[in-house]
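Accompanying notes for the structure given below.
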Number of protein chains: 2
Amino acid sequence: MTATRIREVALKHFAKNGYEGASLADIAAEVGIKKQSIYTHFKGKDELFLDLFEKVQAKELNFVADYLQRHKHRSIDQLLYGFLIQYIDCYEQDDNAKFFLRTVFFPPSHLYEVIVKQGYYHLEKLETMLIPVFDQALADGLITPDVSRDTGTAAFLAVMDGMFVELLFGGAELSLIRIEASWLVYWRGIKK
Amino acid sequence: MTATRIREVALKHFAKNGYEGASLADIAAEVGIKKQSIYTHFKGKDELFLDLFEKVQAKELNFVADYLQRHKHRSIDQLLYGFLIQYIDCYEQDDNAKFFLRTVFFPPSHLYEVIVKQGYYHLEKLETMLIPVFDQALADGLITPDVSRDTGTAAFLAVMDGMFVELLFGGAELSLIRIEASWLVYWRGIKK
DNA sequence: ACTATCCTTCCGAACGTTCGTCAGGATGAT
DNA sequence: ATCATCCTGACGAACGTTCGGAAGGATAGT
């Protein structure tokens, strides 16, 4: 299917060069077609971009949900730390996270409203998934009551953001060092 | 001076729309001149962009250095927490941080090498300035010896990154909430 | 089996617009 | 008279987009 090929290549280009920096001509060239042919599969640049954004966001949320479901038996420290590590491993290879973060942080101005709205939805979903984990850990007495579930969740999301930044900027190796440090301090900060 | 006016406006446009998304015509229009007149003051778009990048980076480093110098008498917790808070206040008014972060995380491809190199230099400088703070605090017995100076520094830089992300995405209000949470956990994690 | 029809996919050519850039001239202050 | 500054005008290149038509496969009618 040519449409999926276009999607693959476009994701790469959008992740690397952003919306304005990516050109349909370049994308088409790498697919092996002319840029006009893209219009057979998509109404235009915006539709292609938003189609990708939608799919990638769903993928990101699924990744988190799947992980939490698969490892829900783990203790909270193993669960959260493992999550960070797995994220680094998983998102070194493909451009999903890079595209998503770039789009959410710096959306093309004419799509600002749509994307920021989705960004908040994303954040909300993440919180919704994480809060029960902290509730459970608090109930089990694994983390200190001095840190509320909301505080623990917010701080963990901040740790995640720090990891994203390092992934974007320094790559997987540097991220790992930074995450080790962040996690050590974070866990000391919330454990009983 | 027109050159500084151009710089001001260009900074705003680059921060908001990125290198590719910002056009010299728009910048000139807001300054109140024609786009060709920019060439009286700058060789071209790249020179303008890199000139800004250079100045902004110096400003960012000066901000940190100044703050640490001015408040070196403070205890480490007041010093670091105050730094985070001040950054949020400062960030709102000008586009320096936004431009800098956007450029460092997602540089225009044809300037990739220059900018990434400067990015690493920036990180290195930040570490160099923070490590003595942790050394002192360790010597004073204010933070636990279980967290090395390198770990404490790395984790604090991660807290900063988390703050940047939130500043970019959610604005100052959300950042404040996130920072409160991050700092509470962080300080619990490193204090004696 | 043959033909006519339709649909999908792709491309050549061109559209209008915007981009960054360059050359040359007008203006005004020193 | 020199100089800096800003202008008009124009340049080629790239952008996203549209249109018309060519090629091929599948389908239906005879």
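Proteins get letters first, then strands, A, B, ... in listed order; numbering begins at 1 in each. Values in this document were obtained by computation on a predicted structure and should not be read as measured data.
- Residues B:Asp95 and B:Lys12 are not paired through a salt bridge, judged by the lack of any N-O separation under 4.0 Å between the basic side chain and the carboxylate.
- Residue A:Ser37 places at least one side-chain N or O under 4.0 Å from the OP1 or OP2 atom of C:dC11.
- Distance CD1 (A:Ile38) to P (C:dG12): 14 Å, rounded to an integer number of Å.
- The distance between atom NE2 of A:His13 and atom P of D:dA14, rounded to the nearest whole Å, is 16 Å.
- Relative to the side chain of A:Lys35, the nucleotides C:dC19, C:dT9, D:dG16 differ in distance, and D:dG16 lies closest.
- A salt bridge between A:Asp146 and B:Arg188 is present, with a side-chain N of the basic residue lying under 4.0 Å from a carboxylate O of the acidic one.
- Between the C1' atom of D:dA13 and the NZ atom of B:Lys45 lies a distance of 14 Å, rounded to the nearest Å.
- The distance from atom CZ of B:Phe14 to atom C1' of C:dC19 is 13 Å, rounded to the nearest whole Å.
- In this structure, of C:dT9, C:dG20, D:dT5, it is D:dT5 that holds the atom nearest to the side chain of B:His41.
- One interatomic measurement links the two molecules: NZ of A:Lys43 to P of D:dT18, which rounds to 11 Å at whole-angstrom precision.
- When heavy atoms are screened at a 4.0 angstrom cut-off, A:Ser23 is found touching the sugar-phosphate backbone but no base atom.
- Two rings, from B:Tyr87 and B:Phe63, have their centers less than 6.0 Å apart.
- In this entry the distance linking CD1 of B:Ile6 with P of C:dG20 reads 14 Å, nearest Å.
- Using a 4.0 Å heavy-atom cutoff across all strands shown, A:Ala22 reaches sugar-phosphate atoms only and no base atom.
- Rounding to whole angstrom units, CE of residue A:Met1 and P of C:dC10 are separated by 9 Å.
- Closest approach to the A:Tyr39 side chain among D:dT17, D:dT5, D:dC7 is made by D:dT17 (side chain taken as heavy atoms from C-beta onward).
- Picking from C:dG20, C:dA13, D:dC6 the nucleotide with the shortest atom distance to the side chain of A:Gln36 gives C:dA13.
- With D:dT5, C:dT21, C:dC10 as the candidates, the nucleotide lying closest to the side chain of A:Thr40 is C:dC10.
- Ring planes of A:Tyr186 and A:Phe134: perpendicular class, angle over 60° (limits at 30 and 60°).
- Residues A:Phe53 and A:Phe100 place their aromatic rings such that the two centres sit under 6.0 Å apart.
- Summarising the geometry, the separation between CG on B:Asn17 and C1' on C:dC19 is reported as 14 Å, rounded to the nearest angstrom.
- Side chain of A:Lys34, nearest nucleotide from D:dG16, C:dC11, C:dC10: C:dC11.
- Nearest nucleotide to the B:Thr2 side chain, out of D:dC6, D:dT17, C:dC19: D:dC6.
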